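Input: a single structure, listed below in structure tokens.
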Amino acid sequence: MSVLVLNFTKLEYLASQLAPSILRIGGSEEDIAVYDVGSYIPVVPRKDGNSTCPGLFCLKMKRWKEIHDFCKKAGCKTAFGLNAMVGKGGLGPNRNPEKKWDSCNAEALLQYTKDNALDDTVYGWELGNELQHDLTAAEEAAEYKILRGIINKIWASTKPADRPKIIGPDMNPDPHWLAQFLPLAHPYVDKVTIHIYEGYGLNPKLAEEIPTEKFLDGAIAQGVPSAKDVSMFPRLQAWVGETAAAWHSGQMNTTNAFVSSFWYLDSLAGLAQQNYTMQCRQTLIGGYYGLLSHEYKPNPDYFTLVLWQKLMGTRVLSTSKPQNGVRVYAQCMKGTSGGVVLVMININTGAHGAATVNTPELGGQRVEFILTADSPRSRVMKLNGKLLQLDHEGKLPNMDGMKKPTTSPFVMPAFSLAYVAYPEANWAVCK
């Protein structure tokens, strides 16, 4: 298993271009991990032995400080996944439902974080990863109650609103389980997370399936029931805690290629319409679905996200249903009073695949950011016809859009993506 070098200037720079952001540290291994801190370090069973310190899944405090220092430089905060299975006999058939969560090691990590002033980069704490088949909703809610007590004790001198958030349950979509969990856990959790993967990395037809209405609609539909469950509790927010176009580490030249951005942009905009306020991309780097390649080169989805962070405000606007293969979403423009941004996905191909969009109600100039590539599986993407790649100093290229008068129609090329900004729209709802 390779270890990511965090004190690497290029990685720090590329991560900083996505700021402000939250770096989630978690996943399957979080429920076999232990922390080298405090007087008591548990032994956690796993399939191929035990986890303890020293060991493969032992978090050293030197490494924890490296993560802190990385986020200080990159402008991110962490959402760290704690082991929810300590003391319960392990995952799967070894689990003992009669035993309670042993929170001592987790509490020692939180106390160390506060005592050593590392909490300025902590957004929140997660607890357990995809455990709906290992823990009942009542068991997991009880663990969240314990975690809330630990946080309130350690950060007792901090105003409640400024204390680290509790994020979870980081589950695959299961409305029945979630409907049991939320009435028990809503006083303790702040952000409710589900994981969404529409595709499978070993599917040989994945690249052809992604840019279809069926695939894109399916990804959005996965999030709808959970969002409705969360809406019953006004204090809570729904998050996508983990997502990519396909699970099983994605697929080479598909989930790290241009075609992935059709799913990604549609997911960012479509799930925002379902009241998801955050999406955590699997991964920043790693597998075949990373925003960055193993060589620290941006994949197309990275640039798609850079533009999202640059342009999109938090106010979501209603739009019509997809028509003739063109999907359109709208949000208020970031940092521009009255401005509006349209997100467009054109899945049509061929000589007659271009689409014309008229927006006379959006006055002033528009600024076009049209994303294309030479092929669906291209690892490089173009913005308004120019290749998006790092310059000789490793910096991002100019990503300014093309200004056009709104009196002329917007023509969207076949098989393309677009952000179209209207900074002079002067929409009251966006002021």
Side-chain angles (χ1 to χ4, degrees), residues 22 24 26 79 81 84 123-124 126-145 148 165-199 212-245 247 263-282 308 312-322 327-332 343 345 429:
I22 293 175
R24 179 192 180 233
Y123 180 85
E126 298 181 346
L127 181 60
N129 182 75
E130 298 178 358
L131 293 178
Q132 66 265 33
H133 300 300
D134 291 279
L135 299 178
T136 66
E139 284 181 285
E140 192 144 3
E143 295 191 3
Y144 277 79
K145 181 178 181 180
R148 172 60 69 191
K165 308 302 182 201
I166 294 181
I167 306 160
D170 275 301
M171 57 181 287
N172 293 315
D174 185 341
H176 177 71
W177 192 97
L178 189 63
Q180 294 178 320
F181 174 78
L182 288 176
L184 301 172
H186 74 91
Y188 318 119
V189 69
D190 298 296
K191 316 295 179 182
V192 180
T193 47
I194 66 164
H195 297 173
I196 296 179
Y197 294 92
E198 182 64 14
T212 63
E213 300 281 9
K214 180 180 178 182
F215 190 97
L216 301 178
D217 288 345
I220 303 301
Q222 284 197 54
V224 172
S226 297
K228 290 181 178 178
D229 287 339
V230 175
S231 69
M232 302 297 292
F233 301 89
R235 189 183 67 84
L236 305 183
Q237 289 185 1
W239 282 15
V240 181
E242 187 179 305
T243 192
W247 63 284
W263 157 80
Y264 194 31
L265 187 54
D266 194 78
S267 178
L268 288 169
L271 287 170
Q273 286 202 332
Q274 300 300 325
N275 295 318
Y276 283 88
T277 60
M278 179 73 69
Q279 291 190 48
C280 185
R281 173 59 184 264
Q282 181 87 337
W308 179 274
M312 305 303 283
T314 58
R315 182 71 179 265
V316 179
L317 308 175
S318 61
T319 56
S320 60
K321 293 182 178 180
R327 302 164 75 88
V328 181
Y329 302 95
Q331 293 182 206
C332 294
V343 165
I345 297 106
V429 72

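Values in this document were obtained by computation on a predicted structure and should not be read as measured data.
Put simply, the side chain of Y144 never gets that close to the backbone of P187: no donor and acceptor are under 3.5 Å apart. Counting only distance, with no hydrogens or angles, the side chain of Q273 and the backbone of L317 share a donor-acceptor pair below 3.5 Å. Here the side chain of T193 pairs no donor or acceptor atom with the backbone of G241 at under 3.5 angstrom. Panel note: side chain R235, backbone H186; a donor-acceptor pair is recorded below 3.5 Å. Using a distance-only test at 3.5 Å, with no hydrogens or angles considered, a donor-acceptor pair links the side chain of D190 to the main chain of I166.
Rounding to the nearest 0.5 Å places OH of Y276 at 3.5 Å from CD1 of I194. The line from OG of S226 to CG of N275 is 13.0 Å long, rounded to the nearest 0.5 Å. Distance OH/Y197 to CD/E242: 3.0 Å, rounded to 0.5 Å. From H195, atom NE2 reaches atom CD of Q282 across 8.0 Å, with rounding to the nearest 0.5 Å. Note that the CG atom of L271 and the OG1 atom of T243 stand 7.5 Å from one another [nearest 0.5 Å]. How far OG1 of T319 is from CZ of R327: 10.0 Å, rounded to the nearest 0.5 Å.
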What do the steps show when you test V343 against V328 for side-chain contact (heavy atoms from CB on, under 4.5 Å), and what is the final call? CA-CA 6 Å; V343 165; V328 181; over 6 Å; no
side-chain contact (heavy atoms from CB on, under 4.5 Å) between Y329 and L268, worked out: CA-CA 10 Å; Y329 302 95; L268 288 169; over 6 Å; no
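In this structure, W239 has its ring center closer than 6.0 angstrom to the ring center of Y123.
Open room surrounds NZ on K228; 12 or fewer heavy atoms of other groups in view lie less than 6.0 Å from it.
Using a cut-off of 4.0 Å between Lys/Arg side-chain N and Asp/Glu carboxylate O, K321 and D217 are scored as not salt-bridged.
Of all the heavy atoms in G128 and L131, the pair that sits closest is CA-CD1, 3.6 Å. A pairwise comparison of heavy atoms in S267 and I220 identifies CA-CD1, 4.1 Å as the closest pair.
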Name each donor-acceptor pair under 3.5 Å that joins a side chain in residues 171-184 to protein atoms two or more places apart or in another chain, with its distance.
{"unit_1": "D174", "atom_1": "OD1", "unit_2": "H176", "atom_2": "N", "d": "3.4"}
{"unit_1": "D174", "atom_1": "OD1", "unit_2": "W177", "atom_2": "N", "d": "3.2"}
{"unit_1": "W177", "atom_1": "NE1", "unit_2": "L135", "atom_2": "O", "d": "3.2"}

